[in-house]
Amino acid sequence: MSGRGRRGLGWLAVLAVLAGCTGIPASSAPQVVRTVPRSPVAGATVTPPTPHPGEPPGQVVDEFVGDAIYADAGHSTSRQYLTTGAARRWQDNQTVILDAYSRGDPQFSGDFTSALVPVTGRRVGQVDASGVYTPTLKGMGDGDQETFDFRLIKVAGEWRIDQPPPGVLIERNNFRRYYHQRSLYFFDSAQSVLVPDLRYTALGGQAEASWLLTELLGGPRRELAQTVVSAVPDQVGNSSVQIGNPTIVEMPGTGQLSAGDRNSLAAQLAFTLEQVQFSGGQLELTDSGKPVRIPTITTGLQFSKADFSSNAQPANSSPYSPQPAGALYFVRDGVVFTLDDKNKPVAAEFGQPNRNFSSVALRHGSAQSLQVAALTVANQLQVGGVAGLLPVKLPQPATSRPEWQPNSDNGDVWLGAGSRLYRVPAGGPVQPISLTSQAGALPAGPITAVRLSPDGDRVAL
């Protein structure tokens, strides 16, 4: 890995994915067409609208907000409704998502040469220029009522917006329809599993491919910066991507990378750019126009996502393939049972009568021995294996069921106790975990559920 990418897994900098009733989709399936970079109707070429002569101030604002779905070329469609000065000043590097909006009546100046048009709505969240979505955590995710003022003046007899609010406003329904979720891929700290860094964009085709490459070069979001690594070289010069057959990725300096870093970089590119390629598309990496050989590819210079499928499969788990078959367990009357044709208690201490377990988390250790983290009805934690369980003293009673950290050789248990998140390492003291998130601090109240992603680099509370 490059010097910039060699980082250990930072437990104090994990991504907190805070669950809220924001209504933003987890995924979508837009159709990408070659004729235009982005089209509101899949498979169709759509000519963006333009202002019509004589439009009143309210209609100008409605069309400006509605045209936010055309995201190419710095929202050039929306800029048509701005004065020349405003078009130069306006920054579209943040997209504000409103549940819906209502437009107030224009408030005209005394000489009718200017007008103020208010737009009101509840902010659901926002997406920054790098595509990172941050939800609004106020209330139940609906946010507070906000008012955005548009000031218009007349230019050559036509109303144009001279003072727009910063950023792009878009209704939630339009965000769901026209924006789609994409992932940048980086490696976990063990440099063996690809970790998705979720982003949102309204771009498609060639424009989307260029945007994804730019964001990949820019590195992971802040919350993942200390937990993932990248094979992108520190100095890459002017990089570019051109969709085709094959898709060519020009990245200066990559020919000088080690064999391992070339393999890793090719895997990151294949998984990231596959999202805008057509089925079966191949990639080719070049350095100053010269093809770069990928060591893991034994024949030819081209590669695809299929060549690196093993990098997408964390131990015993994968978002791309079904879970392997295994035994199922359940708790009844405080005892752990095996779900099979006999449904009998497990042949271990935690299968004995009168255990009083309220929840149990099981996992197979490095030697495939069964490890157990169990909570009693008194919310006391016990950790161990088939040979026996030992109590673990927590600062306060647990408020969530335990969760094993994936891909951990030592077997660390995570759980919530009150408003704090704790890590229980094997044979070590209980450690509080601090979280960093662009969504801000955790809301007040007890943590009632903890889940870790298959790669072990993200946590949902």
Side-chain angles (χ1 to χ4, degrees), residues 13-30 65 68-69 71 91-102 119-148 165-184 195-203 211 215 218 220-228 319 400 403 414 416 419-421 433-453 455 457-461:
V14 296
L15 170 61
V17 182
L18 303 176
C21 301
T22 59
I24 299 303
S27 63
S28 59
V65 174
I69 60 175
Q91 299 292 321
D92 63 339
N93 53 8
Q94 176 178 265
T95 299
V96 177
I97 305 155
L98 305 176
D99 60 342
Y101 81 89
S102 60
V119 168
T120 304
R122 292 187 179 275
R123 184 192 299 245
V124 175
Q126 51 273 333
V127 175
D128 66 17
S130 63
V132 174
Y133 172 75
T134 303
T136 294
L137 298 181
K138 296 179 180 178
M140 292 298 291
D142 292 331
D144 293 332
Q145 194 88 346
E146 296 184 40
T147 298
F148 305 85
V168 178
L169 302 183
I170 189 169
E171 287 190 297
R172 175 160 47 185
N173 287 339
N174 279 338
F175 181 79
R176 287 170 169 165
R177 183 179 179 187
Y178 296 110
Y179 279 67
H180 39 270
Q181 187 185 85
R182 292 292 184 252
S183 295
L184 309 178
V195 179
D197 182 352
L198 304 184
R199 308 294 177 97
Y200 285 89
T201 181
L203 300 174
W211 180 81
E215 297 307 322
R221 67 175 69 200
R222 185 186 64 188
E223 297 93 340
L224 287 176
Q226 301 301 319
T227 65
V228 298
S400 81
E403 172 85 341
W414 289 46
S419 61
R420 298 297 303 273
L421 179 66
I433 300 297
S434 298
L435 299 178
T436 60
S437 170
Q438 287 188 331
L442 294 179
I447 297 173
T448 57
V450 178
R451 293 293 183 270
L452 288 162
S453 60
D455 49 63
D457 284 336
R458 290 160 294 161
V459 59
L461 303 179

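What you see is a predicted model; the values in this text were computed from it and never measured. We count residues from 1, following the sequence as given.
The OG atom of Ser419 lies 11.5 Å from the CG atom of Leu461; values are rounded to the nearest 0.5 Å. To the nearest 0.5 Å, the span separating OG1 on Thr136 from CZ on Arg122 amounts to 11.0 Å. Atom CD of residue Gln145 and atom OG of residue Ser102 lie 6.5 Å apart, to the nearest 0.5 angstrom. Rounded to the nearest 0.5 Å, atoms OH (Tyr178) and CG (Leu203) are 15.0 Å apart. Here the OG1-NE2 distance, from Thr201 to His180, works out to 5.5 Å after rounding to the nearest 0.5 Å. The distance from the CG atom of Asp128 to the CZ atom of Arg221 is 8.5 Å, given to the nearest 0.5 Å.
Looking at Arg451 and Trp414, their side chains never come closer than 4.5 Å, going by heavy atoms from C-beta outward. Proximity of Val127 to Ile97: side-chain heavy atoms (C-beta onward) are separated by under 4.5 Å at one or more points. In this structure, the side chains of Val96 and Phe148 come closer than 4.5 Å at one or more pairs of heavy atoms. Residues Thr120 and Tyr101 are not in side-chain contact: their nearest non-hydrogen atoms beyond the backbone lie 4.5 Å or more apart. Looking at Pro196 and Arg458, their side chains come closer than 4.5 Å, going by heavy atoms from C-beta outward.
Residues forming a salt bridge (charged side-chain N to carboxylate O under 4.0 Å, His left out) with Arg199 (at least two apart in sequence, or on another chain): Asp197, Glu215. Residues satisfying the side chain to side chain donor-acceptor pair (under 3.5 Å) criterion with Gln94, sequence neighbours excluded, are absent altogether.
Looking at Val168, Leu98, Leu169 one by one, the single match for side-chain contact (heavy atoms from CB on, under 4.5 Å) with Val65 turns out to be Leu169.
Taking both residues in full, the closest heavy atoms of Ala129 and Trp211 are given as O-NE1, 3.6 Å, listed atom of the first, atom of the second, then distance. Closest non-hydrogen pair, Arg172 versus Asp99, comes out as NH2-CB, 3.4 Å.
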Starting from the C-alpha separation in whole Å, work towards a yes-or-no answer on side-chain contact (heavy atoms from CB on, under 4.5 Å) for Ile69 and Ile170.
CA-CA 8 Å; Ile69 60 175; Ile170 189 169; 4.2 Å; yes
Carefully, step by step, assess Val450 and Val459 under the rule side-chain contact (heavy atoms from CB on, under 4.5 Å).
CA-CA 7 Å; Val450 178; Val459 59; 4.1 Å; yes
Apply side-chain contact (heavy atoms from CB on, under 4.5 Å) to residues Val119 and Thr147 and explain how you reach the verdict.
CA-CA 6 Å; Val119 168; Thr147 298; over 6 Å; no
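Judged by distance alone, with hydrogens and angles left aside, the side-chain atoms of Ser400 form no donor-acceptor pair with the main-chain N or O of Thr448 at under 3.5 Å.
Tyr133 and Tyr200 have perpendicular rings, their planes meeting at more than 60° on a 0 to 90° scale where under 30° would count as parallel.
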